[in-house]
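Reading through the structure tokens given below for one structure.
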Number of protein chains: 2
Amino acid sequence: MKNADAPEERCCAPMGDAVLSNDEADFLAYAFAALADPIRLRIFSIIATEGEVCSCNLEGPLGRSQPTISHHTSKLASAGLIIGERRGRWMWWRVNEARVGALASALTLGIHQR
Amino acid sequence: MKNADAPEERCCAPMGDAVLSNDEADFLAYAFAALADPIRLRIFSIIATEGEVCSCNLEGPLGRSQPTISHHTSKLASAGLIIGERRGRWMWWRVNEARVGALASALTLGIHQR
DNA sequence: ACGCTATATTGATAGTTGTCAATATGAAGA
DNA sequence: TCTTCATATTGACAACTATCAATATAGCGT
């Protein structure tokens, strides 16, 4: 099935499909998925405005349990959007400017290319 | 339960939680969720590079069924990232530059504020 | 009106994810 | 070492999502 013969010269050019590789798409999708949750966006926003925030200051304002906050911060971190540093008992988070900037410019430039 | 009394003046400032409203967070999360899928990213990338693409030219290169492509394009469209226009039998898609630009700058500026 | 073709919708299913209670880990102080 | 506190992990469950086959809708040409 599919349409192995569908798009001939029908409406537009055949278009080289070397636009965005599978790996690049997976990589970017993973980062955007980290931003695809309201609670994580608010966490990110708080960290961005405060500069540095420890986890204990996130549970209260966001109204989520401690395990849930931990889950979200680690998801943002594993996507490279924030960076965590343990200082004593506390976990401090800051934004990974470089990574976020790269993501944003990928967006404006149409996703593809670095 | 929760921690109604947890973050006193413990590690950092109490932080006004007027950072990102629930509604704004939902709105932005919805847009990022549209970008949180590899197939949709490749669709977006193709549209961005080609300028205008009709749906029939997406099924082939992406190796997904017609209903699946339709599902993805409508998800991107309902997030405002692409704009569709029916011309005869064909559906033409183009990038919503304004919306994408706004998303990208929200990212670099730390999500919050417009 | 009829058939052909491009796109949309429906229904079903497997996989993923946000959430919390319970529990574990790890760091600091006595 | 024992206790306390901040964070991480586990297990379970409800909600959501990507996918396709089947079917419906809609535009064009004859």
Side-chain angles (χ1 to χ4, degrees), chain A residues 1-12 22 25-26 29-44 47 52-60 62-79 82-93, chain B residues 1-12 22 25-26 29-30 32-43 47 52-60 62-79 82-93:
Chain A
M1 299 317 164
K2 295 293 124 49
N3 52 352
D5 56 333
E8 290 305 311
E9 87 301 38
R10 149 175 1 240
C11 30
C12 36
N22 276 336
D26 288 346
Y30 191 76
F32 284 120
L35 295 168
D37 179 89
I39 296 292
R40 281 198 295 271
L41 279 182
R42 297 176 71 193
I43 290 176
F44 184 86
I47 296 174
E52 244 182 355
V53 175
C54 88
S55 295
C56 66
N57 279 317
L58 294 172
E59 304 164 25
L62 295 178
R64 289 296 187 283
S65 70
Q66 178 270 319
T68 296
I69 295 296
S70 177
H71 169 243
H72 286 314
T73 49
S74 77
K75 197 147 196 175
L76 283 168
S78 73
I82 62 175
I83 297 173
E85 181 188 348
R86 186 157 210 131
R87 290 213 275 273
R89 280 195 279 237
W90 295 285
M91 194 65 183
W92 290 86
W93 301 100
Chain B
M1 303 319 163
K2 292 292 124 51
N3 50 355
D5 56 333
E8 291 308 307
E9 86 306 35
R10 155 175 356 242
C11 30
C12 33
N22 276 336
D26 287 346
Y30 192 76
F32 284 122
L35 295 168
D37 179 90
I39 296 291
R40 282 199 293 272
L41 279 181
R42 297 176 71 192
I43 289 176
I47 296 173
E52 244 182 356
V53 176
C54 87
S55 295
C56 66
N57 279 317
L58 294 172
E59 305 165 24
L62 296 177
R64 289 298 186 283
S65 71
Q66 179 270 320
T68 296
I69 295 296
S70 176
H71 169 244
H72 285 314
T73 49
S74 76
K75 196 146 197 175
L76 283 168
S78 74
I82 61 175
I83 297 172
E85 181 187 348
R86 186 155 210 133
R87 291 213 274 272
R89 278 194 281 236
W90 295 284
M91 196 66 183
W92 289 86
W93 300 101

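Every chain is numbered from 1 and lettered A, B, ... according to where its sequence line falls, protein lines coming before strand lines.
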Let's see if you can work this out: which of [options] has an atom nearest to the side-chain heavy atoms of [X]?
X       : options               : value
B/Trp90 : C/dT19, D/dT9, C/dT7  : C/dT7
B/Cys54 : C/dA8, C/dT7, D/dT9   : C/dT7
B/Arg40 : C/dT7, D/dA18, D/dC20 : D/dA18
B/Ser70 : C/dT7, D/dT17, C/dA8  : C/dA8

[X] [atom1] to [N] [atom2]: how many Å, rounded?
X       : N      : atom1 : atom2 : result
B/Leu76 : D/dT17 : CG    : C1'   : 14 Å
A/Glu59 : D/dA8  : CD    : C1'   : 12 Å
A/Phe32 : C/dT17 : CZ    : P     : 17 Å
A/Arg89 : C/dA24 : CZ    : P     : 21 Å
A/Trp92 : C/dA27 : CH2   : P     : 18 Å
A/Asn57 : D/dT7  : CG    : P     : 9 Å
A/Met91 : D/dT9  : CE    : P     : 10 Å
A/Asp37 : C/dT16 : CG    : C1'   : 13 Å

Original post:
Quick one: do the A/Trp93 and A/Ser55 side chains pair a donor with an acceptor below 3.5 Å?
Top reply: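 Looking only at side-chain atoms, A/Ser55 and A/Trp93 do form a donor-acceptor pair, the distance falling under 3.5 Å.
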
At 4.0 Å (heavy atoms only), tell me whether [X] reaches a base, stays on the sugar-phosphate, or touches nothing.
X       : answer
B/Arg87 : nothing
B/His71 : base
B/Ile69 : nothing
B/Ser55 : sugar-phosphate
A/Thr68 : base

Original post:
With distance as the sole test, does A/Thr73 use its side chain to make a donor-acceptor pair with the main-chain N or O of A/Ile69 at under 3.5 Å?
Top reply: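 Answer holds: yes.
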
Original post:
Just by modelled atom types, is the A/Ala33 backbone N or O under 3.5 Å from a matching donor or acceptor in the A/Arg40 side chain?
Top reply: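 Yes, because the side chain of A/Arg40 sits within donor-acceptor range (under 3.5 Å) of the backbone of A/Ala33.
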
Original post:
What distance do B/Ile47 atom CD1 and B/Ile83 atom CD1 have between them, rounded to the nearest 0.5 Å?
Top reply: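 With rounding to 0.5 Å, CD1 (B/Ile47) is 11.0 Å from CD1 (B/Ile83).
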
**OP:** Record whether the side chain of B/Gln66 comes under 3.5 Å of the base of C/dA8 through a donor-acceptor pair of N or O atoms.
**Re:**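 Side chain to base: pair present.
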
Original post:
Would you call B/Tyr30 and A/Pro38 a side-chain contact if the rule is heavy atoms closer than 4.5 Å?
Top reply: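 No - every pair of side-chain heavy atoms lies 4.5 Å or more apart.
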
Original post:
Between B/Arg86 and B/His72, which has a closest nucleotide on DNA chain D that is more 5'?
Top reply: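 Of the two residues, B/His72 wins.
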
Original post:
Closer to the 5' end of DNA chain C via nearest nucleotide, is it A/Ile39 or A/Pro67?
Top reply: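 Its nucleotide being nearer the 5' end, the pick is A/Ile39.
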
